[in-house]
Number of protein chains: 2
Amino acid sequence: MTSAGSSGATLPTRQRILDAAIDQFGTRGVDAVSLDEIARDVGVRKQTVLYWFASKDELVQAVLASAAAELVLVIEAAVRSAPNEPLARIDAVVGAVFRPAVRRPALLGLLRELGRLSPEHAARLSAHLAPMIDRAIDYLAAEMTAGRLRRSDPRLIAALAYATVTGIATEPEVLVAVGWRADTAGLRALRSELRGFLRAALAP
Amino acid sequence: MTSAGSSGATLPTRQRILDAAIDQFGTRGVDAVSLDEIARDVGVRKQTVLYWFASKDELVQAVLASAAAELVLVIEAAVRSAPNEPLARIDAVVGAVFRPAVRRPALLGLLRELGRLSPEHAARLSAHLAPMIDRAIDYLAAEMTAGRLRRSDPRLIAALAYATVTGIATEPEVLVAVGWRADTAGLRALRSELRGFLRAALAP
DNA sequence: ACAGTTCTCTACCATTTGGTAGACGCATTT
DNA sequence: AAATGCGTCTACCAAATGGTAGAGAACTGT
């Protein structure tokens, strides 16, 4: 009854609304985006949005859950398919997050919305991501004691690496401001520099 | 006649509005903050805000100019008073930006609004900061060729360092999510880790 | 005491916001 | 053919938004 997809054949409109909302919320901020704008993007009336999601709040909630799930999925897959060596794993995560993120900053941009969300939404989002974060921190700590990573506070290192990747991926304007070009070569160069930056920062 | 401070004794209200607007815009985003909210923060009516700044747009413009000027001032001062050695200078800049930024993320948060501002505002803000950015990049390039910094693309390195500092300073929620405490000891630890992170990332 | 300026206020206004109520079309089932 | 959901629509609404018009206090210099 909650408009959730229990029937199974409920893909097109609902999913399109969700996609549009992720993009808009992630790039412009939740508060700055109206339901009318999302509806216009989808090619539908606002009331259709409110049919699928009973309120803007519920839409935000669904968007956050969806984005967090996607993010976790992508990152875990990257970690699993990488060799068991810390710098290589970090490379893999960066690669997995980076490619989609630069062309579509909305996903990581949503994370940056954390501080602007209502406490309930923020808590839910944190809960979604917490297990992965904890595992990452444990992994970093273990690798540090094993001497394969520079010895430091693993929690703050995780936050710093996150800040670097997210910041660079969600603020293309800054890249443009330093004279970067958003073409394929530029993208490759950026990824290479980011990799070198993180390797240097984390290597023992 | 443009409501600018040509008389000289125009400090209290106008400045208080400006300060409140910097905080609100910087932490919650320009679009998400209403003039009523700013007015309430200041303890005044919305129409008083509109007396000092003819429109919200003009207020945004003034806020950006003020914040950019303050930022440039702080950073240039830090650079001048630091020893002429790249890692020490970077330490100095980080220290200068970091202390106020963590306790009051609005200043750097405004920079993060770049991509959400109207093109005119974004251009003006970029113009304000461009000279300093260019000088920083030139400096990095020179120190790289001199072998005192890790050799790489100075423009992207500047962007990456910026992303790291800004990201960590404007997203305290992430720090909390990794179990960080916002007390004095935590602040010192964070600054120390940030310094170590950047040093490792930039050292030759 | 008076006129003038400076500053903040009350009273509106048009538009946009998130949200409700209910009708219409369109399949599918009976 | 009738009935039943399902999905989208038109038609509203109350509150909030940025903004206008203009009154009135409070301090000036004369």
Side-chain angles (χ1 to χ4, degrees), chain A residues 1-25 27-64 113 116-121, chain B residues 1-25 27-64 113 116-121:
Chain A
M1 213 56 132
T2 53
S3 91
S6 56
S7 71
T10 316
L11 285 168
T13 306
R14 193 189 139 96
Q15 191 58 47
R16 273 162 57 216
I17 293 172
L18 214 47
D19 286 343
I22 287 182
D23 280 339
Q24 291 281 3
F25 289 159
T27 52
R28 299 180 40 220
V30 171
D31 278 352
V33 177
S34 71
L35 295 183
D36 275 308
E37 292 172 307
I38 293 172
R40 181 156 25 81
D41 276 11
V42 178
V44 94
R45 298 283 179 250
K46 173 179 60 174
Q47 286 68 17
T48 302
V49 175
L50 284 167
Y51 169 79
W52 288 105
F53 303 92
S55 68
K56 183 175 182 178
D57 209 68
E58 192 175 293
L59 174 58
V60 170
Q61 190 176 322
V63 162
L64 292 177
E113 281 284 300
R116 298 174 173 176
L117 298 169
S118 75
E120 300 82 41
H121 283 150
Chain B
M1 213 55 133
T2 55
S3 93
S6 57
S7 70
T10 316
L11 285 168
T13 307
R14 193 190 140 95
Q15 190 59 45
R16 273 163 56 218
I17 292 172
L18 215 47
D19 286 343
I22 287 182
D23 281 339
Q24 292 279 4
F25 288 159
T27 51
R28 300 180 39 220
V30 171
D31 279 352
V33 177
S34 71
L35 295 182
D36 275 307
E37 290 171 308
I38 293 172
R40 181 158 24 83
D41 276 11
V42 178
V44 94
R45 299 281 180 252
K46 173 179 61 174
Q47 287 67 16
T48 302
V49 175
L50 284 167
Y51 169 80
W52 289 105
F53 303 91
S55 67
K56 184 176 182 178
D57 210 68
E58 193 174 293
L59 173 59
V60 170
Q61 191 176 322
V63 162
L64 291 176
E113 280 284 299
R116 297 174 174 176
L117 298 169
S118 74
E120 300 81 44
H121 283 150

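Throughout, a chain's letter reflects where its sequence line sits, starting with A, and its residues are numbered from 1. For clarity, every value in this text was computed on a predicted model and none was experimentally measured.
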May I ask you to say whether B/E113 pairs ionically with A/R116, meaning some side-chain N is under 4.0 Å from a carboxylate O? yes
Taking only side-chain nitrogens and oxygens of B/S55, does any of them come within less than 4.0 Å of OP1 or OP2 of D/dG18? no
Can you tell me the distance, in whole Å, between the NZ atom of B/K46 and the P atom of D/dG22? 18 Å
OP1 or OP2 of C/dC7 versus the side-chain N and O atoms of B/T13: is any pair under 4.0 Å? no
Is the shortest side-chain N/O distance from B/T48 to OP1 or OP2 of C/dC7 below 4.0 Å? no
Donor-acceptor contact present, side-chain B/Q24 to main-chain B/A21, <3.5 Å: no
For the base of D/dG19, is there a side-chain donor-acceptor partner from B/K56 under 3.5 Å away? no
D/dT17, D/dC9, C/dT10: which one has an atom nearest the side-chain heavy atoms of A/Q47? D/dC9
Interatomic distance where CD belongs to A/E58 and P belongs to C/dG18 [whole Å]: 15 Å
In whole Å, what is the span from the CZ atom of B/R45 to the P atom of D/dA25? 16 Å
Name the closest nucleotide to the A/L35 side chain, picking from C/dG18, C/dT10, D/dG19. C/dG18
Side chain of A/Y51 (C-beta onward), nearest among D/dT17, D/dG7, D/dA11: D/dG7
What is the distance, to the nearest angstrom, from the CZ atom on A/R40 to the P atom on C/dT16? 11 Å
Under a plain distance cut-off of 3.5 Å, with no hydrogens placed, do B/D19 and B/Q15 share a side-chain donor-acceptor pair? yes
Just checking B/V33: base, sugar-phosphate only, or nothing, at a heavy-atom cut-off of under 4.0 Å? sugar-phosphate
Sugar-phosphate, base or nothing in reach of A/V42, heavy atoms under 4.0 Å: nothing
Any A/W52 side-chain N or O less than 4.0 Å from OP1/OP2 of D/dT8: yes
In whole angstrom, give the distance that lies between atom CD1 of B/I38 and atom P of D/dG19. 11 Å
B/R14 CZ - C/dT8 P separation (whole Å): 12 Å
Without hydrogens or angle criteria, can the side chains of B/S55 and B/E58 be said to hold a donor-acceptor pair below 3.5 Å? no
Distance, rounded to the nearest Å, where B/E37 contributes CD and D/dT17 contributes P: 6 Å
Please pick, from D/dT20, D/dT17, C/dT17, the nucleotide with the shortest atom-to-atom distance to any side-chain atom of B/L50. D/dT20
Distance-minimising heavy-atom pair for A/V30 and A/K56: O-NZ, 3.2 Å
Please state how far atom CZ in A/F53 lies from atom C1' in D/dT8, giving the value in whole angstrom units. 15 Å
